[in-house]
Amino acid sequence: MRDDPGTGESPAAARRRLRLALRRARETSGFTQGKVAEALDWSVSKVNRIEKGDVTVSSTDLRALLELYGVVDRERAAGLLHDARTSRLRGWWDEPRYREHLTPAMLQLLQLESEASAIRVFQPTLIPGMLQTREYGEFVLNFWRSELPEADRVLRLEARLRRREHVLDRPDPPEFQLVIDESVLWRTIGGPQVMAGQFAHLLQLMCRPNVRVRIAPFADAAIMAMLAPFTLLDFGDEDNALLYREGILLDEIVHAAQRISRHRGYFALIWESAHEEAASARLIAERAAALATDGLPTEET
C-alpha cells in the first residue's frame, strides 16, 4: 500500500502512537502480555512485537484488542483504526533502493521526523545532514569510501537532501534547534569554497522563524564534544518523544524514557551555555566571509 505524499502522514509515527495507546490500554485494563496472548490465542511474542512497534497491526487484530481492553469509545477506536491503516502505508523512504542502502534506524527517522513538532540536534563535529549542502555532504560521505560502497554514499546523500524537503519545507515545519560547537566553524570540510557555501546556506535557513542555531564557545566545547551527536524528536508532549543517536557507522533509535530525559537535560545545558542566535549568526557570517576570500584565486605579480 502506497501513501499519498501530500497527506503528510507518517507510517512510523502512526505505528508509534498506536503501540503506545495499546500498551496504555492493556495496563489500564489490568492485563499482562501473557494474559492477552492467552485470551486471544496468540503468542506472547506477537503481543510484545505489536507493543514495541516491530510489526503492523491488522484491523481484525486491533478490533480484538480493543474489545478485550474494553475500549468502547467510538471516536477513540476510529482514531486507532486510522493509525493502524496509516502504519501500513509506504512512502518515498520505503523504495527498495533506500531500504537497501540506509540503516533501519535512519529509515525510521525519515518517517518520524516528518511528523515531529520539535527537533533538537547536538552536533559537536559537523553541520548535521539535514542542513548540509550537496557539496559538503558529498565530501563527508566520500571520506568513508573505504567503508561505504558508492551506492550507499549516493543514496545517503539523496536521502539527506530529501529530508530537508519533507521536514523543514513542509507546510507546518517543526521547531528546529541546533547546537554546534565553535570548532565546526574552523574545520574546512571540502575546501574554503565548499565551507563558505555551506555557511551561506546555513545562514539562509537561520532566517526562518522555526530554525534556531547556536554555537557552543570553545571554552565549553571540549567537554561537550565528549557527547556523541544526538537528535531529540518531540511529537506534541514530553511523554511522546524519541532519541536518535549516531556514531561513525552505527546509529540507533531510542525509546527508553530515562535515556531520553537524560539527553533532554544535556541539550538544555548546552543550549543555555551557547551563544545566542544573533551572536552565533555573526560568527558564522564572519567565518563565511573569511573563507570566501581564502577561496579566491590570487593574482600573479
Side-chain angles (χ1 to χ4, degrees), residues 1-4 7-91 93-94 99 102-118 230-245 250-264:
M1 183 187 301
R2 305 297 292 185
D3 73 327
D4 176 1
T7 66
E9 293 185 300
S10 161
R15 188 178 304 130
R16 176 180 172 79
R17 288 193 300 268
L18 183 60
R19 76 174 186 84
L20 293 174
L22 289 177
R23 187 184 67 189
R24 286 194 294 265
R26 174 180 60 77
E27 293 172 346
T28 300
S29 62
F31 281 90
T32 63
Q33 290 186 348
K35 289 296 184 181
V36 173
E38 181 180 345
L40 298 178
D41 197 24
W42 293 353
S43 66
V44 175
S45 64
K46 176 176 177 176
V47 181
N48 186 49
R49 290 197 304 273
I50 289 173
E51 291 194 1
K52 289 175 63 178
D54 292 341
V55 295
T56 58
V57 187
S58 70
S59 297
T60 300
D61 285 350
L62 178 57
R63 289 189 177 94
L65 286 169
L66 296 181
E67 182 178 355
L68 181 66
Y69 298 155
V71 177
V72 295
D73 183 277
R74 291 187 176 182
E75 185 175 346
R76 183 184 178 195
L80 293 175
L81 285 165
H82 175 77
D83 279 342
R85 287 191 294 270
T86 301
S87 71
R88 297 191 291 273
L89 298 176
R90 297 292 181 266
W93 56 83
D94 200 56
R99 291 203 310 271
L102 301 181
T103 66
M106 175 54 68
L107 288 170
Q108 289 186 60
L109 182 68
L110 293 177
Q111 300 174 55
L112 290 163
E113 65 187 4
S114 67
E115 285 202 358
S117 58
F230 66 86
T231 300
L232 289 162
L233 276 69
D234 288 325
F235 300 91
D237 59 76
E238 288 197 3
D239 294 329
N240 194 7
L242 63 83
L243 167 69
Y244 174 74
R245 285 173 51 87
L250 299 174
D251 58 353
E252 62 175 344
I253 295 284
V254 178
H255 298 285
Q258 186 175 9
R259 292 182 67 187
I260 293 172
S261 177
R262 185 184 306 126
H263 281 78
R264 281 186 188 280

Check: Lys52 main-chain N/O paired with Arg15 side-chain donor or acceptor under 3.5 Å: no
Main-chain N/O of Asp234 paired to Ser117 side chain as donor or acceptor, under 3.5 Å: yes
Can Leu80 and Leu65 be said to form a side chain to side chain contact (heavy atoms under 4.5 Å, CB included), step by step? CA-CA 11 Å; Leu80 293 175; Leu65 286 169; over 6 Å; no
Does a side-chain heavy-atom distance below 4.5 Å link Tyr244 with Glu113? no
Mind checking what makes salt bridge (Lys or Arg N to Asp or Glu O under 4.0 Å) contact with Arg26, not counting sequence neighbours? Glu51
Mind checking what makes side-chain contact (heavy atoms from CB on, under 4.5 Å) contact with Ser261, not counting sequence neighbours? none
Nearest 0.5 angstrom please: Ser29 OG to Arg24 CZ, how far? 13.0 Å
Distance in Å, Arg19 CZ paired with His255 NE2, rounded so as to fall on 0.5 Å steps: 5.0 Å
Parallel, tilted or perpendicular: which fits the ring planes of His263 and Phe230, with parallel below 30° and perpendicular above 60°? perpendicular
Please report the interatomic distance CZ(Arg63) to CG(Leu68), rounded to the nearest 0.5 Å. 16.0 Å
Assess, by modelled atom type and distance only, whether the side chains of Ser58 and Thr60 contain a donor and an acceptor separated by less than 3.5 Å. no
What is the distance from atom CZ of Arg17 to atom CG of Asp83, rounded to the nearest 0.5 Å? 4.0 Å
For Val44 and Gly34, the nearest pair of non-hydrogen atoms, with its separation, is CG2-CA, 4.0 Å
So which heavy atom on Ile260 is nearest to which on Ala241, and how close? CD1-O, 3.4 Å
Only one of Leu232, Val254, Leu112 forms a side-chain contact (heavy atoms from CB on, under 4.5 Å) with Leu242, so which one is it? Leu112
By salt bridge (Lys or Arg N to Asp or Glu O under 4.0 Å), which residues pair with Arg259, not counting sequence neighbours? Glu252
Non-hydrogen side-chain atoms of Trp42 and Ile50 separated by less than 4.5 Å: yes
Looking only at non-hydrogen atoms, find the nearest pair between Ala25 and Val71 and report the distance. CB-CG2, 4.4 Å
Between Ala14 and Ser87, what is the shortest heavy-atom contact and its length? CB-N, 4.0 Å
Out of curiosity, Thr32 OG1 to Glu27 CD, how far, rounded to the nearest 0.5 Å? 11.0 Å
Spatial distance of atom CG (Leu66) from atom CZ (Arg76) [nearest 0.5 Å]: 7.5 Å
Heavy-atom pair with the smallest gap, counting every atom of Ala64 and Leu40: CB-CD2, 4.1 Å
Please determine whether side chain to side chain contact (heavy atoms under 4.5 Å, CB included) holds for the pair Phe235 and Arg16, giving the CA-CA distance in whole Å, both sets of side-chain angles, and the decisive distance to 0.1 Å. CA-CA 10 Å; Phe235 300 91; Arg16 176 180 172 79; 4.1 Å; yes
Is it true that, when you exclude Lys35 itself, more than 12 heavy atoms of the residues, nucleotides or ligands shown sit nearer than 6.0 Å to its NZ? no
Using side-chain heavy atoms (C-beta onward) and a distance below 4.5 Å, is Leu233 in contact with Leu109? yes
Please examine the side chains of Leu62 and Leu18, heavy atoms only from C-beta on, and report whether any two atoms are closer than 4.5 Å. yes
Hey, does the side chain of Arg88 reach the backbone of Ala84 with a donor-acceptor pair shorter than 3.5 angstrom? yes
Close side-chain approach of Asp61 to Lys46, heavy-atom, < 4.5 Å: yes
